[in-house]
**Student:** 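Below you'll find the structure I mean.
Each chain gets a letter, A, B and so on, in the order the sequences are listed, and its residues count up from 1.
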Amino acid sequence: MGADHDDHHHAPDPRGRALRLGIGGPVGSGKTALTAALCRTLGPTLRLAVVTNDIYTTEDADFLRKAGVLDPERIAAVQTGCCPHTAIRDDIAANLDAVETLEERFGPLDLVIVESGGDNLTATFSRGLADRQIFVLDVSGGDKVPRKGGPGVTTADLLVINKTDLAPMVGADLTVMSRDAAAVRDGRPVLFTSVRQEPEAHAVAEWVMGLIHAWTYEHAHGSTAPAAT
Amino acid sequence: MSAPSPNAALLLLADSRLPAGGHGHSGGAEAAIASGAVRDLPTLAAFLHGRLATTGLVTASLAAAACALGASIAASGTADARAGEGGGGRAEADMPVPADGSRSGGRAKPGMPGPASGDLSGGQADPPSRSGGDRRGGWAGLDGEADARTASPAQREASRTQGRLLLRTARRIWPSPVLDGLALAVPHGAHHPVALGAAAGVTGCAPQEAALAAAYTAVTGPATAAVRLLGLDPVAVHRLLADLAPDLERVAATAAARVPPLSASASPGPGSGSAPAAPPSPEPPGDSPWAGLPAHAAPALDLLAERHLRAGLRLFVS
Amino acid sequence: MTARAVLATAPGPDGRTVLAVMRSAPPITLRRTGPGRVHLVSTAAGPLGGDDLALDIDVAPGTSLDVLSIASTLVLPGSGTAESLMTVTARVGAGASLRFAPEPTVLAAGCRHRMAVRLELAGDARVFWREEIVFGRHGETPGRCHSRFDATVEGRPLLRQEFTVGDPAVDASPAVYGGARCVGSTLIAGPPGAVPGDLPDRDRNDGPPPDTAPTGSLRPGEAVIGDGWAMLPLAGPGILVSALAPDAAGLRHRLERGEAAAFPH
Ligand SMILES: Nc1nc2c(ncn2[C@@H]2O[C@H](COP(=O)(O)OP(=O)(O)O)[C@@H](O)[C@H]2O)c(=O)[nH]1
Ligand SMILES: [Mg+2]
């Protein structure tokens with residue numbers, strides 16, 4: 001389900017195209033906020049485009065367009081017939097079409113972010129769609145969530161725990177969350193953010209830059225780059 | 001094409017789990033539900049019945065025609081591959097296709113990426129000449145017949161989107177120069193029934209089977225959408241679909257019988273054995289061989305499709 | 001009864017259209033009612049089952065023709081089970097324009113009617129073609145009808161549409177007529193930028209003027225919808241106004257709204 005680091009048999013051949021980064025997680029955890037933060041921080045350096053999957057309407061895409069973090073034309077909304085999780089996992093055709101249309105129009109691109117609709121806590125991205133994925137939780141669900149695991153929490157390339165500013169208010173213990181996440185994630189990274197307090201999300205942006213470097217290196221040399229992050 | 005035997009690929013093509021974006025389309029059901037016209041099992045049954053008799057028959061016949069055209073292109077090889085003329089032009093952003101042999105019509109090399117140099121771009125030079133002699137008997141001609149039967153821009157857009165997604169998926173599952181030729185000839189996405197029929201042909205289906213798949217998807221998409229949107233009992237809705245099964249078969253037979261035999265195909269498809277529904281006299285005008293295919297309009301669906309596009313809140317693309 | 005009526009225009013010496021051929025064939029009677037204008041006058045009841053009626057129209061290059069009718073056409077059953085057939089064939093030449101806007105066809109109970117229109121347009125021909133079908137007289141269950149309309153531009157299909165009436169399960173479907181008792185459509189065809197605004201209201205004195213003052217060209221691109229009508233830009237050079245309504249007056253009103261929307265304000 002998640003992307004295993006040792007096995008990247010993506011179809012089609014990824015050479016020469018942008019890295020596709022999925023951002024998943026439950027509704028309201030801050031996926032759109034994080035997407036906006038990444039556009040804000042990486043926009044000046046990287047050639048970017050975004051695909052959103054909404055449950056209904058095109059709210060996320062509209063939010064991003066209004067936020068002014070990216071040329072509105074580079075943001076595409078996919079409608080998913082009640083099932084955003086289907087559109088990122090079982091039947092990715094509409095998302096692939098959106099990604100490829102953006103690449104065709106604005107390419108070459110370095111990074112295409114695909115935000116999931118977040119209708120399903122267990123939804124992760126198909127590897128046919130996303131090369132790497134971030135799973136976004138927030139602290140307001142309580143500090144038990146990482147312990148419960150689930151495919152997003154355990155296998156995402158990066159787990160982001162957002163809204164740390166709210167931790168005191170909801171009585172969430174960040175050290176517990178950090179420890180529990182580490183226990184189920186087999187060494188894969190976890191980052192704590194408050195996109196509210198730090199709208200640039202520097203730590204996550206840095207992690208993404210690391211991915212981009214590794215991706216570029218891989219495709220230039222046909223082998224895995226030495227650990228970049 | 002040889003005598004029909006049950007073709008498992010047909011099941012894959014008609015399966016709603018085929019990853020080709022079908023789950024995002026309700027075929028007008030979402031708008032019909034929003035308007036109150038569809039609200040329970042009886043109104044859903046009436047909706048599906050009317051949809052099958054109109055759009056269902058039209059798409060079934062286009063799919064059957066596409067299936068027959070693909071078979072005739074595959075059978076006649078390079079020379080006639082240009083029936084899928086694209087006016088030269090650019091190949092759509094294609095994904096590279098694995099270079100293993102294609103399952104049928106395996107004459108040409110599948111998926112040579114790159115525009116207009118291969119067999120399939122045919123002799124047409126760059127300017128998209130609208131007058132080539134073989135043009136109207138090729139993919140673009142058939143796609144134009146679908147256009148002429150789809151007055152609503154919203155429905156044309158939905159059909160082309162689904163066709164593009166289906167063709168993308170089918171080319172990876174069943175690589176074939178026939179499908180490459182279609183993608184080249186209709187770069188912005190062939191109409192869904194044309195893509196479906198072409199894919200069915202490549203998997204070895206007969207025109208009547210392609211028609212059945214098209215008729216089936218014409219009712220199952222809206223039925224599934226209604227289950228989701230209205231919370232209807234899924235078993236009861238499948239009962240409706242089962243009741244429609246004889247109609248589906250009849251529509252597929254009628255659709256296939258209306259497809260004219262193409263000169264290049266060795267023998268007419270099995271569908272043409274049954275008695276054709278008498279076409280209206282006189283012969284409809286037009287240069288393409290498919291002028292006389294069914295063209296049943298569904299004005300309410302046109303209105304619903306356009307209204308849906310303007311709705312503030314929608315779950316389905318169409 | 002079999003009848004073939006013929007109508008053909010030619011350019012006159014002063015550049016105005018003359019009617020080169022106007023051959024009535026009862027029950028189709030043609031009457032010239034103005035320059036380049038002809039009314040269809042029905043001189044018998046019907047069509048009746050068994051009738052095979054045809055009208056052939058040829059609009060010569062550069063000429064223009066209006067075809068209207070005095071009254072609606074009431075299709076009645078014949079003595080046997082034979083169908084009635086009405087075929088209209090029209091060729092519109094280069095730079096020519098045709099307006100065909102007869103009164104509605106009303107399907108009386110028990111009728112079995114077939115209508116076929118084949119319309120062949122030159123590349124820059126202009127056409128305004130209205131078709132209205134009423135499902136029975138007041139309160140009446142209609143007979144059966146199959147109508148097929150095919151329009152091509154230089155051999156390429158522009159619009160192909162069939163209507164069938166008389167199968168209650170289909171007629172009542174929310175996907176098809178949705179309980180309406182009338183269906184109508186108007187094809188407005190012509191190259192972009194070349195359709196004159198005078199087509200829809202060439203006969204102002206025959207009906208209410210449209211609520212816009214049409215000038216210039218067809219509106220490209222976007223569909224426009226209203227209550228029971230839609231103005232639909234076709235893939236080819238033209239627009240289809242499509243409408244459903246509970247009665248004939250409502251249908252005409254909705255079509256006119258859509259026709260007005262087809263022209264820029
Ligand atoms: N307090 C706080 N609120 C946040 C933070 N990040 C996002 N939000 C808010 O949480 C709500 C949901 O965020 P959104 O990005 O739309 O969530 P999504 O459904 O995962 O895309 C919005 O009102 C955001 O402003 C954060 O770090 N702290
Ligand atoms: Mg969001």
Side-chain angles (χ1 to χ4, degrees), chain B residues 27-29 32 35 37-38 43-55 58 130-131 135-136 141 144-156 222 279-288 290-307 309-310, chain C residues 52 54 85 87 89 91 114-121 146-152 154-164 167 169-180 183-185 187 221-236 239-240 242-244:
Chain B
S35 77
V38 170
T43 49
L44 176 62
F47 181 87
L48 297 177
H49 185 84
R51 194 172 201 280
L52 179 60
T54 52
T55 308
V58 173
R130 305 284 279 169
S131 58
R135 179 191 171 276
R136 286 157 199 179
E145 291 289 345
D147 260 345
R149 287 164 174 77
T150 321
S152 146
Q155 297 214 63
R156 285 198 299 275
S281 55
E283 276 304 299
D287 297 345
S288 95
W290 303 288
L293 290 186
H296 292 71
L301 280 181
D302 289 347
L303 289 172
L304 289 169
E306 296 297 335
R307 191 160 297 143
L309 258 197
R310 290 154 183 79
Chain C
D52 178 0
L85 180 64
T87 305
T89 307
R91 289 165 302 280
R114 196 177 269 278
M115 293 190 262
V117 173
R118 43 176 308 170
L119 180 56
E120 293 175 69
L121 310 182
H146 174 262
S147 109
R148 173 146 184 151
F149 182 96
D150 289 90
T152 58
E154 286 189 331
R156 281 190 295 279
L158 173 63
L159 176 68
R160 301 195 191 279
Q161 66 174 5
E162 291 174 70
F163 293 116
T164 59
D167 177 347
V170 174
D171 296 352
S173 169
V176 185
Y177 305 127
V183 60
S185 60
L187 173 67
E222 290 265 293
V224 180
I225 53 173
D227 185 22
W229 60 266
M231 186 282 273
L232 306 167
L234 299 171
I239 276 170
L240 183 73
S242 177
L244 293 168

**Student:** From B/Thr150 OG1 over to C/Leu159 CG, what is the distance, rounded to the nearest 0.5 angstrom?
**Tutor:** 10.0 Å
**Student:** Keeping the roles fixed (side chain from C/Glu162, backbone from B/Ala295), state whether a donor-acceptor pair exists under 3.5 Å.
**Tutor:**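 It does hold such a pair.
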**Student:** Mind checking whether C/Pro157 and B/Asp147 have side chains closer than 4.5 Å, heavy atoms only?
**Tutor:**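 Contact flag for C/Pro157/B/Asp147 side chains = no.
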**Student:** Nearest 0.5 Å, please: how far is CG in C/Leu234 from CZ in B/Arg156?
**Tutor:**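 The distance works out to 6.0 Å.
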**Student:** Taking all non-hydrogen atoms of both residues into account, name the closest pair between C/Arg160 and B/Gly286 and its distance.
**Tutor:**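 Minimum heavy-atom contact is NH2-CA, 3.9 Å.
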**Student:** Measure distances from B/Ala154 to the heavy atoms of chain C and classify the residue's part below 4.5 Å as side chain, backbone, both or neither.
**Tutor:** neither
**Student:** Considering only heavy atoms from C-beta outward, does the side chain of C/Phe163 approach that of B/Pro299 to under 4.5 Å?
**Tutor:** yes
**Student:** B/Ala53 versus chain C, heavy atoms under 4.5 Å apart: side chain, backbone, both or neither?
**Tutor:**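 The answer is the side chain of B/Ala53.
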**Student:** How close do C/Ala223 and B/Pro153 get, heavy atom to heavy atom, and via which atoms?
**Tutor:** CB-CG, 4.1 Å
**Student:** Closest heavy-atom contact between C/Asp150 and B/Pro285?
**Tutor:** CB-CD, 3.5 Å
**Student:** Looking at C/Arg118 and B/Glu283, would you say the former's side chain and the latter's main chain have a donor-acceptor pair under 3.5 Å?
**Tutor:**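 Side chain of C/Arg118 to backbone of B/Glu283: a pair is present.
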**Student:** Compare every heavy atom of B/Ala151 with every heavy atom of C/Leu232, then report the nearest pair and how far apart it is.
**Tutor:** CB-O, 3.4 Å
**Student:** To the closest 0.5 Å, what do you measure between OG1 (B/Thr54) and OH (C/Tyr177)?
**Tutor:** 9.0 Å
**Student:** If I compare all heavy atoms of B/Arg307 with all of C/Gly228, which pair ends up nearest, and what's the gap?
**Tutor:** NH2-N, 4.4 Å
**Student:** What part of B/Leu293 is in contact with chain C, defined as an atom under 4.5 angstrom from a non-hydrogen atom: side chain, backbone, both or neither?
**Tutor:**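 The backbone, not the side chain.
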**Student:** Answer with side chain, backbone, both or neither: which region of B/Arg310 has an atom nearer than 4.5 Å to a non-hydrogen atom of chain C?
**Tutor:**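 Contact with chain C involves the side chain of B/Arg310 alone.
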**Student:** Of the non-hydrogen atoms in B/Ala298 and C/Ala175, which two are nearest, and what is the gap between them?
**Tutor:**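 In this case the closest contact between B/Ala298 and C/Ala175 is CB-O, 3.3 Å.
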**Student:** At a 4.5 Å cut-off on heavy atoms, which part of B/Pro294 comes close to chain C: side chain, backbone, both, or neither?
**Tutor:** both
**Student:** Looking only at heavy atoms and a cut-off of under 4.5 Å, which of C/Val183, C/Val170, C/Leu119 has the most pairs with chain B?
**Tutor:** C/Val170
**Student:** List the residues meeting salt bridge (charged side-chain N to carboxylate O under 4.0 Å, His left out) with B/Asp302, not counting sequence neighbours, and say none if there are none.
**Tutor:**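 Once residues adjacent in sequence are excluded, B/Asp302 has no partner under the salt bridge (charged side-chain N to carboxylate O under 4.0 Å, His left out) criterion.
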**Student:** Which one wins on heavy-atom pair count under 4.5 Å against chain C: B/Gly28, B/Ser152, B/Ala29, B/Ala32?
**Tutor:**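 Most heavy-atom pairs under 4.5 Å with chain C: B/Ser152.
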**Student:** Ignoring hydrogens and geometry, is there a side-chain-to-backbone donor-acceptor pair from C/Ser173 to B/His49 under 3.5 Å?
**Tutor:**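 No; zero donor-acceptor contacts below 3.5 Å.
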**Student:** Of the backbone (N, CA, C, O) and the side chain (C-beta and beyond), which part of C/Glu120 lies under 4.5 Å from a heavy atom of chain B, both, or neither?
**Tutor:** side chain
**Student:** Against chain B, work out which of C/Ala230, C/Ala235, C/Ser147 has the most heavy-atom pairs shorter than 4.5 Å and name it.
**Tutor:**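 Top option by heavy-atom pairs under 4.5 Å: C/Ala235.
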